[in-house]
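In what follows, a structure is listed as structure tokens, so that the remarks can point back to it.
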2 protein chains.
Amino acid sequence: MATIYDVAQRAQVSPATVSRVLNGRSSVDPDMATRVQEAVRELDYRPNSVARNLRRSRTTLWAVIISDVGNPFFTAMVRGVEDVGQRAGYSVVLCNSDEDPAKEAQYVTAALQDQMAGVIISSSGDPANVRRLIEAGTPVVAIDRQVSGANIDSVLVDNEHGAHMATEHLIEGGYHRIACITGPRKVSTAAQRLRGYQQALKAHGFGAPARLVRYSDYREEGGYAAMASLLDAGDPPDAVFAANNLMTVGALECLVDRGITVPAGIGVIGFDEIPWAHLVRPSLSTVSQPTYELGRTAAMLLAERITEPDRPPSTVTLQTTLKVRESSLRS
Amino acid sequence: MATIYDVAQRAQVSPATVSRVLNGRSSVDPDMATRVQEAVRELDYRPNSVARNLRRSRTTLWAVIISDVGNPFFTAMVRGVEDVGQRAGYSVVLCNSDEDPAKEAQYVTAALQDQMAGVIISSSGDPANVRRLIEAGTPVVAIDRQVSGANIDSVLVDNEHGAHMATEHLIEGGYHRIACITGPRKVSTAAQRLRGYQQALKAHGFGAPARLVRYSDYREEGGYAAMASLLDAGDPPDAVFAANNLMTVGALECLVDRGITVPAGIGVIGFDEIPWAHLVRPSLSTVSQPTYELGRTAAMLLAERITEPDRPPSTVTLQTTLKVRESSLRS
DNA sequence: GGATCATGGCGACCATCTACGACGTCGCGC
DNA sequence: GCGCGACGTCGTAGATGGTCGCCATGATCC
């Protein structure tokens, strides 16, 4: 691999001049510039980014810390980040935390050691990891989930409103014992979606008995178990609102196994889409999030923060939309 | 951020000794070692990996070049790579080529400039990109798709056999005008799956008329269009084998739009799973690939090649399995 | 007493960027 | 027309933060 010295020698100039031509920071004699350009082409020279990174003490890497790319929700998000990052000259490093703060901490450490240019994080709930990044001066954007006690750029959706819509929709469909399967207590979206559910019940004069609420883990197995637990308790629900896509699938599987028909036996609505939800029978009603747009927006915020570190942090809240399909329509 | 010099000063040793303690390459007096450890802890010192990378002239990054993480097939693969990479101390950089050789070339350039430790690639069909990596001495592993004319580590599946099974299954189910929607001509898996289909037809005394074959793009829209084209041609098929998951979904959507029932009107079988295929009605018959395992295996091969560059390249072929569900069972 | 071995420090090195200084040119003013 | 100052441009050299080869030193063993 050719170095800047090889180019300099061939173009009969100093390495500094080559650097100047390539980075355009200061003007150089057009003659020399063309000589340098030619030498670069002839040698197929590409600057060594590791050396450049060391000198500039920042890289062109972004860490994207999420719980699991396997979840289509995060997949689309990551794709949105990557598309924007790529255009802006950044590479995306994928970090699956599996909701484990310890694993998340490892990735944060790596981001710091590797001097990554920025981090986009869907926090597993422990604000300490984000705090470390802030203290080190690494630009951070929170995506999907808020980070408590940290005043940082955030891209969220109107979770409470979405959950409210979903619950209200079930109420209006004539369901009256509506259960909620929500996520881990430490995760902000789980709390917000639960609150939206509770407020919708209250607004319609229903009680919100704790017996109809299950805290679970945002996973398929958790959704299955929570559904089973709801069914096994006395006075089972006639509808269920599940706070994310995987738990919705888990709940559905439980209902299939028990031979309970949807929506006649139990109405089901989920938060966030599953791929090809329209092909599933009964087709699945959901609160749909603009996941790709979520990723794009976070990436744009991160890029801006890197170029303009002192800008006050902003929070962008994107809208959810209710997608009514068959699983929540009783008649 | 503390540097190695700060640690050295506090521990009353030379920077070299600190380095030795941290990397364990040569023995150090236990007394000094503990002094160093303490200083490291007190200063919360973390080696600057950029500097380390420059000196060692290699990083701890892997590029994973695929067409699209949005495709669940690749998602699971990437997850497999990441899990193994993370344990081995590598970070995974995500690269979506969208089947575009030019975009792929950009990522290859980035991998070279960033001195990445290795590349796992599902080639879009242009062997030139892989050749550049090989020439630069960057370890490469081909995943899912072969790279023609390159003798490199590869992890593949038995595409021909899988396609053969799928086609044979349709034949045995009584279908006799079986169409095939395959992928881009340049992609190895498309050719292999087509061949498996053709051989199965031949083995059972059927002709393999070109009128029943469509080359498409491995995307949903392409599958839709190919299905429409098959239906609009004279003498339409009574069954279809689609060579990947997205095209299968596209074909299904076309059939739904035309009001053709599956499997009564047309039998359908796809290659590779879609998530929650069992929830789709009719549930989808597929040739299932061990996608996560594919990623894991490729990652392990890459790790081995990095530590042992002169090992002869090996090709691992994983097995596909036929998952018979409702969409291919006529009666 | 000499050879061997373990171990620590010095300094070069990785490839690039950039502060600083030097040099040349041009313009303006006397 | 000459001198001085300002500005533009180029090269030298140092800095970035670790790693590692080489050499010196001291201890140990035969």
Side-chain angles (χ1 to χ4, degrees), chain A residues 1-37 39-40 43-61 89 109-110 112-117 136-137, chain B residues 1-37 39-40 43-61 89 109-117 136-138:
Chain A
M1 199 73 168
T3 74
I4 203 169
Y5 295 100
D6 301 328
V7 177
Q9 200 174 2
R10 178 176 269 258
Q12 308 272 37
V13 296
S14 77
T17 303
V18 177
S19 171
R20 279 188 273 259
V21 171
L22 265 54
N23 296 308
R25 288 206 190 288
S26 104
S27 56
V28 291
D29 184 76
D31 235 42
M32 279 186 158
T34 38
R35 283 218 310 278
V36 169
Q37 305 277 20
V40 164
L43 295 172
D44 191 32
Y45 167 72
R46 312 216 177 256
N48 179 326
S49 5
V50 182
R52 163 179 289 170
N53 292 341
L54 175 60
R55 184 57 233 255
R56 291 189 177 167
S57 60
R58 68 196 164 90
T59 65
T60 54
L61 291 176
T109 301
L112 291 172
Q113 276 190 254
D114 289 356
Q115 316 245 80
M116 295 203 191
Chain B
M1 199 73 169
T3 74
I4 201 169
Y5 297 98
D6 302 327
V7 177
Q9 200 174 2
R10 180 176 267 258
Q12 308 273 35
V13 297
S14 77
T17 303
V18 177
S19 171
R20 277 188 274 259
V21 171
L22 265 54
N23 296 306
R25 289 206 189 288
S26 109
S27 54
V28 180
D29 182 78
D31 235 40
M32 281 187 158
T34 37
R35 282 218 310 279
V36 169
Q37 305 277 21
V40 164
L43 295 173
D44 191 32
Y45 168 71
R46 313 219 175 254
N48 178 326
S49 7
V50 182
R52 162 183 290 166
N53 292 341
L54 176 60
R55 180 58 234 245
R56 290 195 176 160
S57 59
R58 67 197 164 86
T59 65
T60 53
L61 292 175
T109 301
L112 292 172
Q113 274 190 257
D114 290 357
Q115 315 244 78
M116 296 202 191
T138 303

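Residue numbers begin at 1 in each chain, while the letters A, B, ... track the order of the sequences.
Each of B:D29 and B:R56 was matched to the nucleotide of DNA chain C holding its nearest heavy atom; the match closer to the 5' end belongs to B:D29. For the pair B:L54 and B:P15, both in contact range of DNA chain C, the more 5′-proximal nearest nucleotide belongs to B:P15.
Within residues 2-14 of chain A, the residues having any heavy atom under 4.0 Å from DNA chain D are, by residue number, A:V13, A:S14.
Backbone-only contact: B:N23 has heavy atoms under 4.0 Å from sugar-phosphate atoms and none from a base. Within the nucleic acid shown, B:T17 comes within 4.0 Å of sugar-phosphate atoms alone, with no base atom in reach, counting heavy atoms only. Residue-level contact check: A:V50 touches neither bases nor backbone, having no heavy atom under 4.0 Å from any strand.
With distances taken from any side-chain atom of A:A16 to the nucleotides C:dT16, C:dG9, C:dT18, the minimum falls on C:dT18.
Rounded to the nearest 0.5 angstrom, B:T138 OG1 and B:M116 CE are separated by 10.0 Å. B:T60 contributes atom OG1, which lies 8.5 Å from atom CZ of B:R52 (distance to the nearest 0.5 angstrom). Between the CZ atom of B:R58 and the CG atom of B:D114 there is a distance of 16.0 Å, given to the nearest 0.5 Å.
Look at CG on A:L22: it is 13 Å from C1' on C:dA15, rounded to the nearest Å. At whole-Å resolution of the value, CG in B:D114 and P in C:dT16 are 13 Å apart. The distance between atom CG of B:D31 and atom C1' of C:dG8, rounded to the nearest whole Å, is 14 Å. Going from atom CD of B:Q115 over to atom P of C:dC14 covers 13 Å, rounded to whole Å. Rounded to whole Å, atom P of C:dA19 lies 10 Å from atom CZ of A:R20. Nucleotide C:dA15 holds its C1' atom 17 Å from the CZ atom of B:R58, rounded to whole Å.
The span of DNA chain D lying next to chain A, judged by atoms under 4.0 Å from heavy atoms, is bounded 5' to 3' by D:dT9 to D:dG17.
No side-chain donor-acceptor contact under 3.5 Å links A:N23 to the backbone of A:R20.
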Next item on the list: I would like to know whether A:Q115 and A:S57 meet side chain to side chain contact (heavy atoms under 4.5 Å, CB included); could you show each step before the answer?
Entry: CA-CA 7 Å; A:Q115 316 245 80; A:S57 60; 4.2 Å; yes
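The minimum heavy-atom distance linking B:L22 with B:P47 is given by the pair CD2-CG, 3.9 Å. Taking each heavy atom of B:A11 and B:A39 in turn, the nearest pair found is CB-CB, 4.0 Å. Contact between B:Q113 and A:R46 at its shortest, heavy atoms only, is CG-CB, 3.7 Å.
Under a cut-off of 6.0 angstrom, the local environment of CZ in A:R56 is crowded, with over 12 non-hydrogen atoms contributed by other residues, nucleotides or ligands.
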